[in-house]
Amino acid sequence: MEKMLAFRTMKRYVEKNRVDICLVFSVFLLGFLYYMWIFFRSRLITGVDGPYYLIQVRELFRVGSLVYGDPPLTFYLLAFFSLLLGDIMLGVKVGVSFFCALSTIPVFFLMKRVGKGRLAGFFAMLLVVFSAPYIRMMTDFMKNAVGICWLLAFIYYLHDLAFSGLKKRSLAFATFFLVLTDLTHILDFGVALLFLAFYTVLATIFDVNRRSFLMSAGIMALVVGVFVFLAAVFFGSLFTDFNKVLSFIYSLTSPQGIGTQPPQQPPPPRHPGHFPRPPFAPAIPFSIDIVGGWGVILLILFFGASLSLYLWKKREKEAFLLLTITTSMGSIMCFPLIPNEWLGRFLLMMVVPTAIILSYGLSKMNEILNRNSKFNVSSVLVVVCLTFFVVQAGSIAVNINPTITYVEYLDLVNMKSHIPPDSIIAVPHGMYYWVQYIDEVDVGQLSPDLWQSYSHVLGLFFKGNVPPVPFNQTIFVGNILILVELQPPPKPLSSP
């Protein structure tokens with residue numbers, strides 16, 4: 001009887017929301033196929049960090065644990081897709097594409113509610129799918145990109161709690177998705193906490209279901225606080241992302257000036273079957289052009305501030321709160337005094353403010369212009385705006401590639417059998433995760449200390465571009481790469 005009742009309820013929901021379901025599924029499928037196309041332009045995985053995910057997932061299959069201590073949720077999800085498809089690289093590509101496309105669903109329902117129509121939700125979905133920052137994030141910082149899905153879902157249920165009162169279902173889902181962001185990436189989690197803080201402050205100031213929302217916010221804060229404490233105490237090795245918070249604060253407050261790095265810790269001792277984390281930070285040079293330049297960013301924030309002022313005058317409290325909070329978050333993400341080594345990652349998070357601000361603004365302009373104009377001016381503005389983002393996303397997509405060519409990949413495969421035991425390889429920038437994944441050997445920066453820990457210190461170079469360093473023998477010569485055993489530095493003369 002209960003099953004029949006549930007079936008009838010679902011049937012009525014589908015019949016009532018048939019258009020929304022078809023629209024959401026169509027844009028989700030468009031996003032999924034578009035992201036798959038970006039990944040499958042190459043046989044290999046993209047970005048500096050791409051092979052890092054291959055290493056993590058492979059280790060899950062081998063021993064059930066991770067090589068590097070990072071929040072584990074994304075790796076387990078990608079392992080599921082890899083198991084399903086029978087290939088790790090294929091599973092990572094499909095899994096990341098799926099969850100990034102899934103991010104369009106919560107933003108649709110959020111903006112449909114706030115924009116009072118499916119048009120705002122439709123625009124928001126397209127702005128997520130064709131977001132150049134999101135594509136850049138997805139093709140390298142995959143944990144961060146997957147966490148956007150949980151972040152947008154959390155914002156939807158948080159907004160519902162603010163304007164629909166205390167509902168157990170919304171409270172449970174908001175808390176659930178907040179915890180998922182913590183299990184995925186520290187930046188997504190930090191942004192989620194800031195949204196929670198802003199909503200709490202503004203809901204209190206403007207008396208938006210003040211009592212019930214403060215109760216909901218208190219419950220979420222308590223649950224997440226307990227979770228973070230337990231994670232840090234009992235699973236600290238999986239949540240080393242927490243250290244990035246301290247590193248960020250250090251870089252902001254360092255008396256040596258903005259951009260100063262905290263003191264480097266020595267590499268951890270080696271353990272059987274585990275690689276030491278490279279002591280140098282992986283990074284691709286970040287270009288502000290990925291987010292359209294400072295002009296586009298300032299234009300979006302100015303548009304958000306103008307919409308907030310307009311909504312304040314119109315006393316549309318629900319949209320005013322969301323647009324004010326989102327514009328404030330966007331201003332924080334692109335704050336120019338953030339050190340350069342962090343600013344690039346923060347700017348990639350502009351996918352969230354951009355989708356919310358522009359989708360609401362475009363739908364509102366469409367409504368006003370269609371009401372007051374005989375000409376279809378609004379359609380022209382919408383097409384011009386969306387075309388800009390589609391072209392920008394496409395130009396980024398076609399220029400994103402793996403950090404090695406397929407010929408270099410084959411060189412790494414062929415040299416594996418030539419590497420002697422107890423070796424470490426000094427590798428070119430962008431190759432160290434690939435060397436770890438393919439050759440299963442330690443990598444690092446060239447240092448005199450390496451000879452104290454390893455029997456063989458090897459150097460991997462491009463043929464025709466070998467630096468003037470002394471080496472004992474050539475171990476492997478490929479089509480592009482050459483592997484040599486380096487000589488230890490001369491010992492200092494002892495004083496008489």
Kindly list each side-chain donor-acceptor pair under 3.5 angstrom involving residues 292-312, sequence neighbours excluded, with atom names and distances?
from: Ser306; atom 1: OG; to: Phe302; atom 2: O; distance (Å): 2.9
from: Ser308; atom 1: OG; to: Gly304; atom 2: O; distance (Å): 2.9
from: Ser308; atom 1: OG; to: Thr324; atom 2: N; distance (Å): 3.4

Whether Tyr34 and Trp37 hold their rings parallel, tilted or perpendicular, with breakpoints at 30° and 60°: parallel
Steps toward side-chain contact (heavy atoms from CB on, under 4.5 Å) verdict (Lys168, Leu171): CA-CA 5 Å; Lys168 292 181 180 178; Leu171 178 59; 5.7 Å; no
Summary of side chain to side chain donor-acceptor pair (under 3.5 Å) pairs that have at least one residue in residues 104-122, sequence neighbours excluded: Asp20-Lys112, Asp20-Arg118, Arg113-Asp160, Arg113-Ser164, Arg113-Glu318
Derivation and outcome, side-chain contact (heavy atoms from CB on, under 4.5 Å), residues Val443 and Trp434: CA-CA 10 Å; Val443 299; Trp434 278 117; over 6 Å; no
Closest non-hydrogen atom pair, Ile135 against Thr139: O-OG1, 2.9 Å
N/O donor-acceptor pair under 3.5 Å between Ser359 side chain and Ile356 backbone: yes
Glu59 side chain reached by Ile55 side chain, heavy atoms, under 4.5 Å: no
Six-ring centre of Phe206, Lys317 cation under 6.0 angstrom, axis tolerance 45°: no
Nearest heavy atoms of Asn209 and Gly165, plus distance in Å: ND2-N, 3.6 Å
Sole candidate of Asp188, Thr181, Thr184 that passes side-chain hydrogen bond (donor to acceptor under 3.5 Å, both in side chains) when paired with Trp150: Thr184
Close side-chain approach of Leu158 to Met220, heavy-atom, < 4.5 Å: yes
Smallest separation among heavy atoms of Ala120 and Ser363, with atom names: CB-OG, 3.5 Å
Check: Ile155 main-chain N/O paired with Tyr199 side-chain donor or acceptor under 3.5 Å: no
is_close_aromatic(Phe154, Phe195), centroid dist under 6.0 Å: no
Atom pair CZ (Phe75) and CE (Met142), whose distance is rounded to the nearest 0.5 Å: 10.5 Å
Expected output: side-chain Asp207 to main-chain Ala203 donor-acceptor under 3.5 Å: no
Heavy-atom side-chain proximity of Ile338 to Phe335 below 4.5 angstrom: yes
Close side-chain approach of Phe130 to Leu30, heavy-atom, < 4.5 Å: yes
Exercise: identify the closest heavy-atom pair between Pro71 and Leu183: CB-O, 3.2 Å
Ring geometry between Phe98 and Phe32 (parallel below 30°, tilted from 30 to 60°, perpendicular above 60°): perpendicular
Any Ser42 side-chain heavy atom under 4.5 Å of Asn401 side chain: no
Tyr433 ring center within less than 6.0 Å of Tyr52 ring center: yes
Geometric class of the Phe173/Phe177 ring pair [parallel <30°, tilted 30-60°, perpendicular >60°]: parallel
Audit row: Leu358, Phe389, side-chain contact (heavy atoms from CB on, under 4.5 Å) steps and yes/no: CA-CA 11 Å; Leu358 292 186; Phe389 285 99; 3.3 Å; yes
Backbone of Lys143 reached by a side-chain donor or acceptor of Tyr53 within 3.5 Å: yes
pair Pro353-Met350: side-chain heavy atoms closer than 4.5 Å: yes
List, one per line, each side-chain donor-acceptor pair under 3.5 Å for residues 76-84, sequence neighbours excluded.
from: Ser82; atom 1: OG; to: Leu78; atom 2: O; distance (Å): 2.9
from: Ser82; atom 1: OG; to: Ile88; atom 2: O; distance (Å): 3.4

Nearest-0.5 Å distance that lies between atom NE2 in His159 and atom CE in Met111: 8.5 Å
Phe25, CZ: over 12 other non-hydrogen atoms inside 6.0 angstrom: no
Min side-chain heavy-atom separation Phe198-Ile332 under 4.5 Å: yes
side-chain contact (heavy atoms from CB on, under 4.5 Å) between Gln445 and Val427, intermediate numbers included: CA-CA 7 Å; Gln445 284 181 309; Val427 299; over 6 Å; no
For the student: nearest non-hydrogen atoms of Met333 and Leu343, plus distance: O-CD1, 3.8 Å
Heavy-atom donor-acceptor pair, Asp140 side chain to Asp49 backbone, under 3.5 Å: yes
Separation of Ser103 OG from Phe108 CZ (nearest 0.5 Å): 15.5 Å
Distance-only side-chain donor-acceptor flag, Thr326 / Tyr360, under 3.5 Å: no
Donor-acceptor contact below 3.5 Å, side chain Arg136 vs main chain Leu348: no
Where Val208 and Phe213 come nearest, the two heavy atoms and their spacing: O-CB, 4.1 Å
Heavy-atom side-chain contact between Met349 and Leu151 under 4.5 Å: yes
Pairwise distance CD(Glu408) to CG(Leu44) - rounded to 0.5 angstrom: 9.5 Å
Backbone of Met36 reached by a side-chain donor or acceptor of Arg41 within 3.5 Å: no
Donor-acceptor contact present, side-chain Gln56 to main-chain Tyr68, <3.5 Å: yes
Any donor-acceptor N/O pair, Ser216 side chain to Leu161 backbone, under 3.5 Å: no
Side-chain donor/acceptor of Asp87 to backbone N/O of Leu90, under 3.5 Å: yes
Reported CE-to-CD distance for the pair Met431 and Gln436, which is rounded to 0.5 angstrom: 14.0 Å
Ser97 OG to Phe39 CZ distance, which is reported to the nearest 0.5 Å: 5.0 Å
